[in-house]
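On a predicted model such as this, the values are computed, not experimentally measured, just so you know. Below, read A as the first sequence line, B as the second, and so on, with proteins coming before strands; counting in each chain starts at 1.
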Protein chains: 2
Amino acid sequence: MSAQQGPEQAVTMRDVAERLGVSTMTVSRALRGRPGIGEETRQRVLAEVAALGYRPNKQARSLRSGGPSELVGLVVTNLANPFYARLAIGLEEVCLRQGARVVLGSTGGDQAVEREVVADLLERGVDGLVVVPSGHDHSHLGGEQLRDTPVVLAAGPPMGIEADCVLVDDFGGTRAACRQLIARGHRRIGFLGLPPSLWTGSERFRGYAVALEEAGIALDERYVSRHRGDSALAEETARAMLVLPDPPTALLTANNRNTVGALRAVRAGGYPVALAGFDDIELADMLDVPLTVVSYDPAEVGRAAAALLYERREAAAAAQPRRVIVATTLVDHPRPRQVRDDSSF
Amino acid sequence: MSAQQGPEQAVTMRDVAERLGVSTMTVSRALRGRPGIGEETRQRVLAEVAALGYRPNKQARSLRSGGPSELVGLVVTNLANPFYARLAIGLEEVCLRQGARVVLGSTGGDQAVEREVVADLLERGVDGLVVVPSGHDHSHLGGEQLRDTPVVLAAGPPMGIEADCVLVDDFGGTRAACRQLIARGHRRIGFLGLPPSLWTGSERFRGYAVALEEAGIALDERYVSRHRGDSALAEETARAMLVLPDPPTALLTANNRNTVGALRAVRAGGYPVALAGFDDIELADMLDVPLTVVSYDPAEVGRAAAALLYERREAAAAAQPRRVIVATTLVDHPRPRQVRDDSSF
DNA sequence: CTGTTAGCGCATTCAC
DNA sequence: GTGAATGCGCTAACAG
């Protein structure tokens, strides 16, 4: 139980050593499988360690050795966003192979908080940082203050600093989706997106615009909306587009909230409109409205980020910044995603 | 940028002290706002700290002071489960007020892994552990090995150990849902649940059974299924119930997967059946099938767990184990949950 | 008010 | 192969 009798001091290396009549160095060597110790001695030590239930203190170890803390910081706005949650899983998976764990740093999308979180994680001696940046200015993620701690940006390219990053193929995915709509005969395609100031807002719109251009379709501003709002606003916007004199026959939505809004608008109004959207939606197969989505694996973003982190450590620190793009696939009438994969709930 | 020129040693307290011609203690006192230092000196120190960009090393601090590491471990099966993700948010929120961050420990539902994760987190000197246990045997979460590290169980009661815990009102929530079905005139109510070996499986079934009993309705085993499967299996099971000679007029589902399966079965077959389920479902308002859900706030579980952790630290370590129950509410035709609440995606 | 001594738990470096 | 000294960065405890 967590409630102990006495202060119950932690067992230290010295306790093990004294009991065996050896020095702490011998214990240390045995524990870490280092050479310079007899096989017999090693066994004796390990036995005593098990008997006493001794556990090395990793903080002290990394302090003395100057080695890695085996802690990697993950800075995101909000884990409730399944993208981040799944990114975290991928990150943890790869970090674990290196013996490292992930420390959470939620920012709530606040740039000032992000700075604090980064500073705090650095004080904790993390070996690296994976950041999904909230703003456009990334200067706090570079320069002196980081003291050699590698940083990998996720889902957005570095701005104002040099750093490795992992991106989703926002452009290619959106273009593919738009192409498919065009291939199915649509020429008036509405776009519900995000502000151009956001990377995803800019790239996904570019995918839309390029696909249109490649097909020789002129971009009609009446069919374009780029704002940062909730799904209610998206629904409103979609509805407004669908009652134009010459309404679009298809809607391309650049993110989840817009997709949900568009779905509602279409369903409520019963418009004969094709839908395609970036990002998967749960239970999409159960909706009455057929939907094509641009799908990708957020965990892969996390895995790639971790890989970059560790590769950077191997390489000369000053090597060229690398950029990894995670691919997307187009999915029709998407099948349900298994979201809850343990059976406790 | 993360690529520096030289080894660029970290700035230490000594660097600050030497530059100012004072001792490291003076710097330490200034930094921690401790008394026993002149206001003027403090300002000089703080200025130099800022100038050098000095950051205290928290690992060294907690090592020397024997104080808290300000790290709390979260042990769950899988963050992709939104329950755990939101629990993590609540936990982080409260921990942050105490200056602590959350370290992730995913187990994948594997008991052996859970043991390792707990051991590893202890080696890292976490101040506390919040665990959503995978199995029935919690002995590895108690006893000597924990060395005074408080543990709080979440979503399941301690078994074989004494520990604080936070539970969801599985029983009450399910009973309320079942009562509502009964109040609406249903008497043949099917139940799709989890194995009795699981806490949630047992408690939620109890809620169902008690509600029936209170209404004087006999429990009919043909209407009861309790297995651990995916939503496809649940769909199959629901369908089988609905084609009975005397089919249920309502289905009560004890968790997400069963709810989804039931929804599919009902939708596909067009059966005139009422549905009620434990746990919220996204986009439930967009489905054609009306649904009542037992809703609760997973973040509250995290918050409560953190609170217990810190209260335990204040209290005598040997105080009585506490148990907090998080309330549930019944929601009809649930409104959409805002899942992605930042605007980057 | 400030500095000195000592040491947290462990590992590097060098003796032996 | 093993042990002693030394110090990682920081802070109690006591000195001045």
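Whole-Å rounding puts the E123(A) CD to dG9(D) P distance at 15 Å. Regarding R124(B), its CZ atom lies at a distance of 16 Å from the C1' atom of dG9(C), rounded to whole Å. Summarising the geometry, the separation between CG on N57(B) and P on dG9(C) is reported as 16 Å, rounded to the nearest angstrom. Put simply, CG on L63(A) is 19 Å from P on dT6(D), counting in whole angstrom units. The interatomic distance linking Q43(A) (CD) with dG1(D) (P) rounds to 15 Å, in whole Å. One can place CZ of R14(A) at 15 Å from P of dG3(D), the figure rounded to the nearest angstrom.
One finds a salt bridge joining D120(B) and R124(B) here, because a Lys/Arg side-chain nitrogen approaches an Asp/Glu carboxylate oxygen to under 4.0 Å. A salt bridge is absent between R323(B) and D164(B); no separation between the charged side-chain nitrogens and carboxylate oxygens falls under 4.0 Å. A salt bridge links E311(B) to R322(B): one of the charged nitrogens lies within less than 4.0 Å of a carboxylate oxygen. Ion pairing of R303(A) with E93(A) is present here, as a side-chain N (NZ or NE/NH1/NH2) and a carboxylate O approach within less than 4.0 Å. Look at R101(A) and E70(A) and you find no salt bridge, because none of the NZ, NE, NH1 or NH2 atoms lies under 4.0 Å from a carboxylate O.
Annotation: side chain to side chain contact (heavy atoms under 4.5 Å, CB included) contacts of I89(B) (sequence neighbours excluded): N78(A), L79(A), A80(A).
Across all strands, I37(A) comes closer than 4.0 Å only to sugar-phosphate atoms, never to a base (heavy-atom distances). Nucleic acid contact class of S23(B) (heavy atoms, under 4.0 Å, all strands): base. Residue G66(B) is out of contact with every strand shown, counting any heavy-atom pair closer than 4.0 Å. Within the nucleic acid shown, T41(B) comes within 4.0 Å of sugar-phosphate atoms alone, with no base atom in reach, counting heavy atoms only.
With hydrogens and angles left out, the side-chain atoms of Q59(A) and S69(B) include no donor and acceptor closer than 3.5 Å.
Considering CD of E114(A) and NE2 of H138(A), their distance stands at 7.0 Å, rounded to 0.5 Å.
Terminal axes of the helix from dC1(C)-dG16(D) to dC16(C)-dG1(D) (five pairs each, C1' rotation axis) are separated by 40°, to the nearest 10°.
Of the candidates L104(B), T107(B), V132(B), V132(B) is the only one forming a side chain to side chain contact (heavy atoms under 4.5 Å, CB included) with V76(B).
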Polar-atom pairs under 3.5 Å, protein N or O versus N or O of nucleotides 11-14 of chain D: list them with distances, or write none.
{"from": "dT11(D)", "atom 1": "OP1", "to": "R61(B)", "atom 2": "NE", "distance (Å)": "2.4"}
{"from": "dT11(D)", "atom 1": "OP1", "to": "R61(B)", "atom 2": "NH2", "distance (Å)": "3.1"}
{"from": "dT11(D)", "atom 1": "OP2", "to": "S28(B)", "atom 2": "OG", "distance (Å)": "2.9"}
{"from": "dT11(D)", "atom 1": "O2", "to": "R64(B)", "atom 2": "NH1", "distance (Å)": "3.4"}

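Put simply, T26(A) has a side-chain N or O that comes within less than 4.0 Å of OP1 or OP2 on dG3(D).
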